[in-house]
Amino acid sequence: MCGICGIFIAGRSDCELRQIVTNMAATLAHRGPDGVGVCGGSGWALGHRRLSIIDLANGFQPMSDERGLTITYNGELYNYRELRCELEALGETFRSQSDTEVVLRAYGRWGEDCLAKFNGMFAFAILSGEGREVFLARDRIGIKPLYYAELPEGGLVFGSEIKAVLASQAVEREADLSLVPYYLVQGYFPREFTPFKNIRQLRPGHWLRLRSGRLKTGCYWCASSRAQETRRVTAEDEAELLHLVRDAVKKQTVAEVPVGVLLSGGIDSGIVAASLAQMGTDLKTFTVSVIDDPAYDEADVAREVARRYGAEHHEVTMKPTQALSIWESLIDHFDQPFGDSSLLNTYLVCKAARSMIKVALSGDGGDEQWGGYGNYRRYAQLIAWRRRLPTGPAILGMRAASKLSSGFQPWLAQRLMFYSGLLSVPTADIYRYLDSQTPLTPLRQLCGERLESFLLSGTVPICRNGASNLDRIMLEDLQVFMVDAVLRKVDMMSMAVGLEVRVPLLDHRIVEKSLQLSWRDKVTTSETKVFIRRLFNKELPKRVIQGKKKGFGVPLNTWFRGPLKEPMSDLLLSRTCRERGVLNPGAVQTIIDDHLSGRAENGKLIFSMISLERWLRRYDH
């Protein structure tokens with residue numbers, strides 16, 4: 001796992017571009033603390049920061065071959081040994097044992113068709129023709145990030161993080177507010193979009209080629225094409241999926257450094273730990289304990305899983321004082337507004353793990369494939385209720401009860417208003433209402449005058465597209481939420497401490513298999529992950545199999561009424577924020593007042609607004 005960067009500008013000198021890329025690579029030092037490499041020529045330069053995992057003595061980058069190809073590569077190729085044998089049979093010779101050289105020679109032999117042969121997580125750039133052409137690619141699922149900007153007169157700059165692209169000083173730091181309304185609803189920027197006007201993210205399963213000053217992109221893998229029709233789960237499907245999970249975990253333990261597991265109290269990380277333990281591997285596990293709020297603390301369940309498999313278990317305790325000391329720097333590290341407060345847990349557990357290991361496996365990806373989120377179950381319930389209930393009287397009754405209870409039970413009043421809203425929206429909009437951060441604060445009311453045109457234009461996808469069944473909803477979560485919220489968080493927080501996190505449940509073979517299976521065997525009105533609980537029933541403790549998902553979160557609602565109250569108010573109620581015109585000051589004041597009084601639980605939305613305002617203070621000039 002590493003950090004990569006590069007720049008291509010015709011007519012610029014080797015020396016000048018090497019210095020630019022040296023500066024870019026310096027911003028990625030946390031991603032690759034084991035070494036730095038820069039190379040360049042007339043009109044181009046590539047940079048690399050190395051985190052040594054495979055072939056520690058060699059594998060230095062950027063790496064070149066006798067064809068004149070040069071690569072800078074971030075990631076791991078889990079089938080590199082098989083591909084190496086295939087390439088050797090075709091006459092290729094190797095100078096190292098690294099997967100980097102396998103990627104380089106595979107591209108030299110097969111061109112872009114090599115991508116279909118890769119099993120792994122990666123983002124890379126390969127230069128050919130002495131800088132006349134560069135090819136960039138990102139893994140199928142989007143586990144590893146890659147940002148780029150097209151430059152005037154046919155140039156290109158790219159990097160593993162936005163900060164590297166900005167460090168080139170070839171791109172103007174111009175804010176693009178068009179997707180801020182989407183961000184306020186969902187808490188992240190989706191797909192190729194960023195909050196910078198000239199910077200884009202290469203989408204999962206895509207490649208990009210710059211040739212003779214012209215940019216071209218293409219798609220080599222798409223989840224949607226694997227999910228055209230679904231079927232009910234059979235015993236054969238369960239057996240195949242079990243085999244794929246075992247094989248993915250086995251493949252992803254390949255390393256020349258210690259490997260551990262990031263363990264929550266949930267099913268998915270438990271599956272990974274169980275699979276690893278059954279290989280006879282010495283198991284190290286790491287978890288976070290949120291001691292001041294049992295609703296967010298799964299440490300005791302994680303401890304039980306670790307004991308079952310004889311793991312060397314380690315816990316890190318998260319306290320409000322820790323959050324207060326690091327939350328602002330972590331928010332800023334993302335280079336874009338990011339509204340998921342579990343970045344705090346993720347950072348702390350990765351930091352603890354990095355003190356003992358270099359590679360960790362996580363259970364990310366299971367929820368989106370197998371129906372693990374509580375909102376999937378709630379959606380199934382609501383569809384069933386709407387078929388049976390006379391919605392008109394139910395809506396009126398809930399609204400009346402909400403008004404009556406607002407004076408003595410504000411939490412109940414809020415809940416009743418939320419569910420009356422759910423019964424009011426069209427069926428196709430139910431899930432996006434469930435999934436919104438702002439269901440009780442109309443978006444038009446929250447957005448300031450500078451966002452009005454983006455709301456009125458109708459061109460901005462404010463929420464997910466309407467979906468009428470859970471297969472389509474889970475597919476969209478897999479393609480968007482998982483990539484741009486979950487995986488972005490894991491990558492940024494793990495690489496901030498130089499820890500490589502691998503996600504075996506997102507092996508593309510598992511994803512393709514899961515997309516064939518109907519939601520009806522994954523979610524009911526009373527249970528999530530139905531067939532997965534059955535499949536792994538004997539391998540995990542009863543508390544894990546029968547437990548409800550808590551989510552990897554922090555007690556924001558409590559903290560914003562306590563230790564984070566002052567910094568929250570200082571930022572969001574400041575004159576700078578009020579006069580910026582991005583958020584409506586009156587709506588912000590109401591959101592905070594309702595939260596502090598207990599009339600509402602607005603912690604998630606407040607966190608998102610804080611992240612947005614901190615970003616705006618750095619880049620909105």
Show the nearest heavy-atom pair for residues [X] and [Y], with the distance to one decimal.
X    : Y    : value
P504 : V272 : CG-CG2, 4.0 Å
T525 : Q381 : O-NE2, 2.8 Å
V290 : P555 : CG1-CD, 3.7 Å
S611 : Y183 : CB-OH, 3.5 Å

For a 4.5 angstrom cut-off between non-hydrogen side-chain atoms, does [X] reach [Y]?
X    : Y    : result
N119 : L77  : no
Q369 : M474 : no
W370 : V530 : no
F189 : Y182 : no
D237 : K513 : yes
L344 : W327 : yes
L343 : F338 : yes
F481 : V486 : yes

Problem - Partners passing side-chain contact (heavy atoms from CB on, under 4.5 Å) against T281 (at least two apart in sequence or in another chain) - result: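 Testing T281 for side-chain contact (heavy atoms from CB on, under 4.5 Å), a comparison that skips the adjacent residues, returns L276, M279.
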Does [atom1] in [X] sit with more than 12 non-hydrogen atoms of other residues, nucleotides or ligands closer than 6.0 Å?
X    : atom1 : value
R543 : CZ    : yes
K250 : NZ    : no
D282 : CG    : no

Should [X] and [Y] count as an ion pair when the cut-off is N to O under 4.0 Å?
X    : Y    : result
E238 : R534 : yes
K251 : E82  : yes
R502 : E500 : yes
R520 : D471 : no
R509 : D247 : yes
E601 : R561 : yes

Donor on one side chain, acceptor on other, [X] and [Y], under 3.5 Å:
X    : Y    : result
E368 : Y373 : yes
S289 : T317 : no
R191 : Q479 : no
S518 : D521 : no

Handout entry: Centroid-centroid under 6.0 Å between Y379 and Y376 rings
Key =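 No: the rings miss the under 6.0 Å criterion.
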Return yes if some donor-acceptor pair links the side-chain N/O of [X] with the main-chain N/O of [Y] below 3.5 Å, else return no.
X    : Y    : value
S275 : V249 : no
R140 : G205 : no
D340 : Y188 : no
S225 : C222 : yes
D139 : F122 : yes
H30  : V497 : no
D268 : D364 : no
K284 : A360 : no
E192 : Q201 : no
R533 : T528 : yes

Exercise for the section: In sequence, state the C-alpha distance, the side-chain angles, and the governing distance for R308 and E539, and then conclude on salt bridge (Lys or Arg N to Asp or Glu O under 4.0 Å). Expected result: CA-CA 9 Å; R308 178 166 183 151; E539 299 186 18; over 6 Å; no
Practice task
Please say which of V503, D367, L487 ends up in a side chain to side chain contact (heavy atoms under 4.5 Å, CB included) with M482.
Solution key: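 Testing M482 for a side chain to side chain contact (heavy atoms under 4.5 Å, CB included) against V503, D367, L487 leaves exactly one candidate, L487.
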Handout entry: Distance in Å, N79 CG paired with D507 CG, rounded so as to fall on 0.5 Å steps
Key =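 The CG atom of D507 is 9.0 Å from CG of N79, to the nearest 0.5 Å.
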Problem - From N469 atom CG to Y431 atom OH, the distance as rounded to the nearest 0.5 Å - result: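 One finds 13.0 Å between CG of N469 and OH of Y431.
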Problem - Residue that, paired with D99, satisfies side chain to side chain donor-acceptor pair (under 3.5 Å) out of Y80, Y73, Y78 - result: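 Going through the options one by one, the only one that passes is Y73.
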Practice task
Kindly determine whether D477 and R472 satisfy salt bridge (Lys or Arg N to Asp or Glu O under 4.0 Å), including the steps that lead there.
Solution key: CA-CA 9 Å; D477 275 348; R472 305 306 299 177; over 6 Å; no
Exercise for the section: Show your working on salt bridge (Lys or Arg N to Asp or Glu O under 4.0 Å) between R377 and E527 and close with a plain yes or no. Expected result: CA-CA 6 Å; R377 176 179 51 79; E527 192 174 34; over 6 Å; no
